[in-house]
Structure formats: C-alpha cells, structure tokens
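Remarks on the structure that follows.
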Amino acid sequence: MEERPIPPDVLGPPARRRFPGLANQIQYARRFVERVLGAGSPELTTATLLTSELATNAVTHSSSGSPGGKFEVTVYTAPGWARVEVRDLGSPEQPRAQHRDPYDVSEHGRGLDLVEALAAKWGTEPRADGLGRMVWFELAWDAGPAADPAG
C-alpha cells in the first residue's frame, strides 16, 4: 500500500459526491469526475475509466451494493496531478489486483489490474470512520507552463 500525502498545491477543497449503491449510478460517478477535471485534462479518459472500475467494485463487491447502500467519490486536483478516492461500505475481502493472464478471456477480475497499470499510484485502506474502506488512485502528467496559474 502506498503512502498518500496530498500535495501542498491542491487547488482548493476536494470535490465530493455521494451516490446510491446502484449499478446505474456508475455513469454518474464518471460524469462527476469528468466535470471536476474538465475537458482540458490530458488524463480525463484514464480518470473516468478508473473511476468506473472502482465504483463498479464498490457496488459489486462491497456492502455499498446492498439495499440502501451508497458509495462516495472524492476528487483532489493540483497542477499536473489528480487523485480520486472511492469510499464504500466494505466487505470481508480486501481489494487487490488479480494479475490475470492477458490471454484469460473471463469477463471479470481485471478492474484493479487496470488501476495498477494506468495509475501513477493507487492503494486501499480502511476508512477513518471504521465504516468500510477507501480505494484511491493518482494520475500525474506534465502540467506545462500554460497550466501553471503563476506562470
């Protein structure tokens, strides 16, 4: 599990939204991240894909998918960096990448493999309130001088 310090240049408070633990809410979680990052982010496609994977896991493999369940998505941004956290209501199993054979054609079990392959960092930890867990990923890119508000 990676250490998860938030950079000092995070742009304001994080954006946070709670969703009902239903499969049809995954698309809204993706759209939420898309709106927060904005169309100009070079990692927008990756961020929405990985958000979809973590939200799907929350609904499918945790108590968030039970009647009345919910999950929460939080997005932090800084120049050249974004962090997305998905908090769910937990399950007996700890999330982990499966490291599947690339020729395995089974339909499930690749979500965290994608997160591991595409994110700069990722990890999972118990929620501070003791009610479930948080799975997160970070993406990093060259912010360039145009993205620097001081430049």
Side-chain angles (χ1 to χ4, degrees), residues 1-100 104 106-143 147:
M1 190 174 320
E2 297 263 357
E3 185 178 322
R4 62 178 194 94
I6 304 298
D9 56 348
V10 166
L11 305 173
R16 182 172 283 128
R17 184 164 172 207
R18 190 169 290 148
F19 300 90
L22 303 169
N24 68 359
Q25 295 299 302
I26 296 164
Q27 66 181 319
Y28 298 112
R30 280 193 310 263
R31 288 182 191 156
F32 168 69
V33 170
E34 184 176 354
R35 280 193 308 274
V36 172
L37 294 183
S41 172
E43 291 290 341
L44 185 61
T45 301
T46 303
T48 56
L49 170 66
L50 299 185
T51 298
S52 182
E53 293 299 333
L54 296 188
T56 298
N57 285 352
V59 171
T60 306
H61 301 295
S62 84
S63 296
S64 292
S66 299
K70 56 189 172 274
F71 66 96
E72 182 178 271
V73 178
T74 304
V75 183
Y76 295 86
T77 59
W81 178 88
R83 176 188 177 93
V84 176
E85 301 173 348
V86 176
R87 290 173 174 82
D88 64 37
L89 297 177
S91 72
E93 300 215 4
Q94 187 71 345
R96 60 183 174 78
Q98 299 293 310
H99 302 287
R100 298 262 179 158
D104 180 353
S106 59
E107 204 170 305
H108 301 286
R110 288 184 178 75
L112 290 178
D113 287 348
L114 274 173
V115 174
E116 187 172 81
L118 298 176
K121 296 179 185 176
W122 79 280
T124 180
E125 58 199 64
R127 286 175 39 171
D129 60 12
L131 302 173
R133 66 178 164 236
M134 175 181 59
V135 184
W136 56 271
F137 66 85
E138 294 179 2
L139 300 172
W141 59 92
D142 181 10

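The basis for the numbers below is simple: all heavy atoms, side chains too, and nothing from hydrogens, waters or symmetry mates.
With rounding to the nearest 0.5 Å, the separation of CZ in Phe71 from CG in Asn57 is 11.0 Å. Atom CG of Leu54 sits about 11.0 Å away from atom CE of Met134, to the nearest 0.5 Å. The CD atom of Glu53 sits 8.0 Å away from atom CG of Leu112, with the distance rounded to the nearest 0.5 Å. How far CG of Leu49 is from CG of Leu44: 11.0 Å, rounded to the nearest 0.5 Å. Rounded to the nearest 0.5 angstrom, Leu118 CG and Thr45 OG1 are separated by 11.0 Å. Separating the CD atom in Glu85 from the CD atom in Glu72 is a distance of 9.0 Å, to the nearest 0.5 Å.
Remark: Thr51 pairs with no residue by the side chain to side chain donor-acceptor pair (under 3.5 Å) rule, at least two apart or across chains. For Arg17, there are no salt bridge (charged side-chain N to carboxylate O under 4.0 Å, His left out) partners at least two apart in sequence or on another chain.
Within the structure, salt bridge (Lys or Arg N to Asp or Glu O under 4.0 Å) pairs that include any residue of residues 28-48 do not occur (at least two apart or interchain).
Here the shortest heavy-atom pairing between Leu139 and Ala119 reads CD2-CA, 3.8 Å. When every heavy atom of Asp88 is checked against every heavy atom of Ala58, the shortest pair comes out as CB-CB, 3.7 Å. Of all heavy-atom pairs between Val59 and Ala23, the closest is CG1-N, 3.8 Å. Residues Ala140 and Ala120 approach most closely at N-CB, 4.2 Å, considering heavy atoms.
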Mind running side-chain contact (heavy atoms from CB on, under 4.5 Å) on Leu89 and Arg127 for me, showing each step along the way? CA-CA 9 Å; Leu89 297 177; Arg127 286 175 39 171; 4.1 Å; yes
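Contact check for Lys121 versus Trp136: side-chain heavy atoms found under the 4.5 Å cut-off. Side-chain contact between Phe19 and Ser64 is absent, with no heavy-atom pair separated by less than 4.5 Å.
Listed for the Ser52 side chain is no donor-acceptor partner under 3.5 Å among the backbone atoms of Thr48.
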